[in-house]
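Side chains are part of it too, since the values below use all heavy atoms of this structure and drop only hydrogens, waters and symmetry mates. Each chain gets a letter, A, B and so on, in the order the sequences are listed, and its residues count up from 1. Everything quoted here is computed from the prediction, not taken from an experiment.
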Number of protein chains: 4
Amino acid sequence: MSPRNIEKDQKLRDERQRQILEAAMHVIARRGLPATKIADIASTAGISVGNVYKYFRSKDDIFKALVESGQQEYREFVEHALHLEGSSYDKLYWYTENWLSYRNGWAITVILQYARTSEAVPEHVTQAVSARFIDNLRPMAEMIAEGQAEGVIKNGGSLELALIYVSMMEGLILHNIPGIHEIAMLTPDKMLALLLK
Amino acid sequence: MSPRNIEKDQKLRDERQRQILEAAMHVIARRGLPATKIADIASTAGISVGNVYKYFRSKDDIFKALVESGQQEYREFVEHALHLEGSSYDKLYWYTENWLSYRNGWAITVILQYARTSEAVPEHVTQAVSARFIDNLRPMAEMIAEGQAEGVIKNGGSLELALIYVSMMEGLILHNIPGIHEIAMLTPDKMLALLLK
Amino acid sequence: MSPRNIEKDQKLRDERQRQILEAAMHVIARRGLPATKIADIASTAGISVGNVYKYFRSKDDIFKALVESGQQEYREFVEHALHLEGSSYDKLYWYTENWLSYRNGWAITVILQYARTSEAVPEHVTQAVSARFIDNLRPMAEMIAEGQAEGVIKNGGSLELALIYVSMMEGLILHNIPGIHEIAMLTPDKMLALLLK
Amino acid sequence: MSPRNIEKDQKLRDERQRQILEAAMHVIARRGLPATKIADIASTAGISVGNVYKYFRSKDDIFKALVESGQQEYREFVEHALHLEGSSYDKLYWYTENWLSYRNGWAITVILQYARTSEAVPEHVTQAVSARFIDNLRPMAEMIAEGQAEGVIKNGGSLELALIYVSMMEGLILHNIPGIHEIAMLTPDKMLALLLK
DNA sequence: AATGAATGAGTATTCATTCAT
DNA sequence: GATGAATGAATACTCATTCAT
């Protein structure tokens, strides 16, 4: 009866949804949530305004999905680092080098920071993001603990050091400043040096 | 009108202006610029909406003034640290302890971060803020260089280390997360440990 | 294609069209024209949105068809009453009893009332409906005139009395109020009593 | 301190509110609630769109206020009739003549009918309006009971007769049909004749 | 013919800014 | 100067209609 290919339709729907989130991530990271118009997201995604609403109930709904997928993407990233072959230094090096250069890393960092700190975000969202943020520190803490066992990394609470290191990376990522590279050629080894004995 | 009154009037104007900026700083830091209404600023400052416009031309004007006074306040703060009596460690300790706990520190950090990174901010503002940010790194770099001369602080480019340290502090300040203190009692010495040999 | 099939196709088309109008009648009567979405009509009719447009040019087109078929259905109803065997009282009784209880009576009454009175309806539609409404009063007027000739019904212009009686029925039908039956068990004889000498 | 006259301001506010409701009543009665734009109400009231929202939270809020004031206005009207000097016939005559010709009568009738019957109206509103409608029948029932005691009016439940009479008036009022007056010069005595013995 | 995804014009609502008092 | 009512441009969201499959 139906003249449409249901399976293919579903694939197209999933593809569209990813398309919208991808567009939203970059636009929102650059301008902030409230300054981003649905029309911006739609045109970046190459679709019409109305069609965005076929896939998401509201702008806030998009933001929520963005935050969730961002945190999941980060979790997979850091878990991947943890399970690499090699010394803990190698793992941390890989993490540092790749999160800095990864195309979505900056955008995810900016968006999650906004989600955690702005009172314009509903409190239950803020809290969920914060809880997950802390949970996402654990793989990094594990890498640090390994390094301490290997005698390479400074002593101290591994979770505390993880928080400090992640904060530093976030702080640096947020300094997307023109001209910053002229004063600092920040390479992973310079950043990791802070953790070393 | 006597010159006495004119002078007094001017003082009142300046006082009001500071009042408005103070209110704007806290409201904007919490909700972000676009989500903050002039009415919020006015009511926080305890004056009427219309009256705000007697002191500032527009919302953007308030933001610009905020950013400027914030950067100036930071500059004075860091210069003060640099000229303290004592070792470079003592100076950095004072800086770390006080900027973290200073009432306006958090708000200034949040606002300047937004001013630097959002495309919703006019480019000439972004650029001015960024340039001044780099300039404001110098007193910190000087303290670090002193510490290196004293043989206490790690080797490396002092401006680079300053950027890293400031980024870390900003990153930590932005983690105004409920529950974060249960996993990390961050004291100045733990943070400074990163810089030490 | 054989003429047999063409004929069959036409029947199917007519059937679908009636299906859509039937669905539209009930949805629109309940929510009003502007608050009714094409999607509501489609899903009530059990077909897809796109398919509705295979049978009607537009929402307004559906409404126009609805109004026409509603007025025709009413006309047939009242003509049927007029040509029943029996006294004029019997005819009026049958009319009163059955229009009140007839499944489409309420919906048709509501829709025609809207079509006649709302400025949101194009004027040429309003006028056509009104003209036909007046015309549709005539069979009722005839029944009343008969009753007057029989000496059972009050004196007075038969068309005027018809208008009054029909208005009363419409008014009552529009009082689809929960709880109304607890204060009034309205039976045809009570309503007809008004017309009697 | 305040440069505005508070008492005068309040009066102006009340005046504006009445202005908006008055405008809304006529526009909504003519076009229906969903087809009425806030811009229509605003321009009819002679103020700006934004200013409407200084006095009412939303379009639905306006509608609710309209319904309440409409029912109150009707109640006062019918109570006034009840307490007039004279026979019950005189009272009913006054009621019939004046509600028909009263400038707001038509609009109130149309709006209340919509409020009672459309599913587009939230159910708690529908129910409140219906309950009050039934309550508002009582003064009319009292007039009818008086008439029955005087031996002028037909026998029968007074509340039932009230419902029938009010429905008839509503039905007639809703027949705001061009050309209707050429077939029926409806005067109060013709309408009241229905109730007489 | 049937489907439902895609489009974009239309409307409710918000809020920076102005202005009469 | 101070106030807050008034304005209207801007934006989220809806829905009639079209169109590719």
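One atom, CD1 of C/Ile20, and another, C1' of E/dT3, lie 14 Å apart when rounded to the nearest Å. Whole-Å rounding puts the B/Ile28 CD1 to E/dA16 P distance at 10 Å. D/Asp40 has its CG atom 12 Å from the C1' atom of E/dA12, to the nearest Å. As rounded to whole Å, 12 Å separates atom C1' of E/dC15 from atom CD1 of B/Ile41. Across the protein-nucleic acid pair, B/Asp61 atom CG and E/dT18 atom P stand 12 Å apart, rounded to whole Å. For the pair D/Ile62 CD1 and E/dT11 C1', the computed distance is 14 Å after rounding to whole Å. For C/Lys59 and E/dG10, the NZ to P distance is 15 Å, given to the nearest whole Å. Distance D/Phe56 CZ to E/dA12 C1': 16 Å, rounded to the nearest Å.
Note on D/Ile47: only backbone sugar-phosphate atoms sit closer than 4.0 angstrom, heavy atoms only; bases stay farther off. Across all strands, B/Tyr55 comes closer than 4.0 Å only to sugar-phosphate atoms, never to a base (heavy-atom distances). Here B/Ser43 lies out of heavy-atom contact (under 4.0 Å) with every strand.
Searching all strands for a Watson-Crick or G-U wobble partner of F/dT17 with both distances below 3.5 Å returns E/dA6.
Between the side chain of C/Asp14 and the backbone N or O of C/Lys11, no donor-acceptor pair lies under 3.5 Å. The closest donor-acceptor contact from the side chain of C/Thr117 to the backbone of C/Gln113 lies under 3.5 Å.
Considering only the side chain of C/Ser48, E/dA2 comes nearest among E/dA2, F/dT7, E/dT18. Side-chain proximity of D/Ile38 to the nucleotides F/dA2, E/dT7, E/dA12 is greatest for E/dA12. Distances from the side chain of D/Lys37 to the nucleotides E/dA12, E/dT17, E/dT3 place E/dA12 closest. Of the candidates F/dA2, E/dA6, E/dA1, E/dA1 carries the atom nearest the C/Arg13 side chain, counting heavy atoms from C-beta on.
Between atom CG of residue A/Asn104 and atom NE2 of residue A/His26 there is a gap of 4.5 Å, rounded to the nearest 0.5 Å. Taking CD1 of B/Ile108 as the reference point, atom CD1 of B/Ile111 lies at 7.5 Å (rounded to 0.5 Å). C/Asp60 contributes atom CG, which lies 12.0 Å from atom CG of C/Leu66 (distance to the nearest 0.5 angstrom).
For the pair A/Pro34 and C/Val49, both in contact range of DNA chain F, the more 5′-proximal nearest nucleotide belongs to A/Pro34. Both B/Ala39 and A/Leu12 sit near DNA chain E, but only A/Leu12 has its closest nucleotide nearer the 5' end. Between C/Gly50 and B/Arg57, the residue anchored nearer the 5' end of DNA chain E, judged by the nucleotide with its closest heavy atom, is C/Gly50.
A sub-4.0 Å separation between OP1 or OP2 of E/dA1 and a side-chain N or O of C/Lys54 is absent. The side chain of A/Tyr53 contributes no N or O atom lying less than 4.0 Å from OP1 or OP2 of F/dT14. The phosphate of F/dA6 has OP1 or OP2 within less than 4.0 Å of a side-chain N or O from D/Arg16. The side chain of C/Asn51 contributes an N or O atom lying less than 4.0 Å from OP1 or OP2 of E/dT3.
Counting heavy atoms of neighbouring residues, nucleotides and ligands inside a 6.0 Å radius, atom NZ of A/Lys59 exceeds 12 of them.
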